[in-house]
Number of protein chains: 2
Amino acid sequence: MGLAKTEMFTDNQNEIALFAKAFGHPARVAILQHLFKINSCVCGDLVNEIGLAQPTISQHLKELKNLGLIKGDVEGTSVCYCINDASWSKMKRVMSEFLDQDLTKNGDCC
Amino acid sequence: MGLAKTEMFTDNQNEIALFAKAFGHPARVAILQHLFKINSCVCGDLVNEIGLAQPTISQHLKELKNLGLIKGDVEGTSVCYCINDASWSKMKRVMSEFLDQDLTKNGDCC
DNA sequence: ATAATTCATCGTAATATTGCAATGAAACAA
DNA sequence: TTGTTTCATTGCAATATTACGATGAATTAT
């Protein structure tokens, strides 16, 4: 039905899925990489940097902002975006715990 | 249009997005966590472990298999699933490079 | 005031995803 | 053979996502 049954999963599993979904589109990956690269706020040139229409970029930015991964401060007529360092670190801990699971290589299968 | 314009992004950005999308559903997160937890093949009890219908689980498994993150070997009448260790490591490198970007904290904004 | 700039929101179209009942295919047991 | 088990596939309905034109709101410039 296009609707994930989140109620049957743990908070941790749902949280991982939410973060992962945010990274599940190359435009959002590109936005975040650019914010890291310039290591500062970016005011507006994201539409030029990435090749999508302005409303589309705005929508992707909104998703990242809703998740808390970026901040957007109004600066006169433009808006200043940057990584939310604290949220990014928190997300990194959650994702790393998931990704860094390790196999003890018991090798009795496959 | 529901169609990501992958052609305007780098291979790396598209690859990150593909992996992230795989983790973007709690059922797939749960499946992978279970495979790690038992640290062995699992033959069939995933449908009981997770609370979704058998065709739904089968579909999620297919996506993970297509990405190469898990292997599925036929074993008589059942199928034996486990993590593909090599692919998982490769994915981890790609994702870590993205997640471990760091701010040098210039602090001249926001 | 008028115009220009910048970004958000609305509305809509196209496509993707999720979930499951029904069914199919393959291996095994009786 | 006939049935049983296990898993994949098909077909469909419901919902989500992606993209963008049109428009709106706010700020600044003239």
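Proteins come first, then strands; the chains are lettered A, B, ... in the order of their sequence lines, and each starts at number 1.
B:Glu97 has no carboxylate O lying under 4.0 Å from a charged side-chain N of B:Lys92, or vice versa, which leaves the two without a salt bridge.
Side-chain proximity of B:Lys5 to the nucleotides D:dC7, D:dC20, C:dC20 is greatest for D:dC20. Among the nucleotides D:dA19, C:dT15, C:dA27, the one closest to the side chain of A:His25 is D:dA19.
Residue A:Asp100 places its CG atom among more than 12 non-hydrogen atoms of other residues, nucleotides or ligands, all under 6.0 Å distant.
The main-chain N or O of A:Lys21 is found under 3.5 Å from a side-chain atom of A:Arg28 such that the two form a donor-acceptor pair.
Rounding to whole angstrom units, CG of residue B:Asp73 and P of D:dT6 are separated by 18 Å. What separates CG of A:Leu18 from P of C:dT17 is a distance of 17 Å, to the nearest Å. Remark: P of C:dC20 and CD1 of B:Ile50 are 12 Å apart, rounded to the nearest angstrom. Residue B:Leu3 contributes atom CG, which lies 10 Å from atom P of D:dC20 at whole-angstrom precision. Between the P atom of D:dA26 and the CD atom of A:Glu75 lies a distance of 18 Å, rounded to the nearest Å. Taking atom CG of A:Leu52 as the reference point, atom P of C:dC7 lies 15 Å away to the nearest angstrom.
Of the side-chain N and O atoms in B:Lys21, one or more sit less than 4.0 angstrom from OP1 or OP2 of C:dT17.
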Applying side chain to side chain donor-acceptor pair (under 3.5 Å) to A:Gln101 and B:Gln33, what does each step give before you reach the verdict?
CA-CA 8 Å; A:Gln101 288 174 298; B:Gln33 284 180 333; 5.4 Å; no
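Comparing B:Asp45 and A:Ala27 against DNA chain D, the residue whose closest nucleotide sits nearer the 5' end is B:Asp45.
Classification of the B:Phe9-A:His25 ring pair by plane angle, with boundaries at 30° and 60°, yields perpendicular.
Shown here for A:Ala27 and A:Ile50, the closest heavy-atom pair between the two residues is O-CD1, 3.8 Å.
Follow the hydrophobic side-chain contacts under 4.5 Å out from A:Leu18 and you never reach A:Leu64; the two are in separate clusters.
Put simply, the side chain of A:Thr77 and the base of D:dT28 share no donor and acceptor less than 3.5 Å apart. For C:dT6, the base has no donor-acceptor partner in the side chain of A:Ser78 [N/O atoms by modelled type, under 3.5 angstrom].
For the contact set between residues 53-67 of chain B and DNA chain C, defined by any heavy atom under 4.0 Å, the members are B:Ala53, B:Pro55, B:Thr56, B:Gln59, B:His60, B:Glu63.
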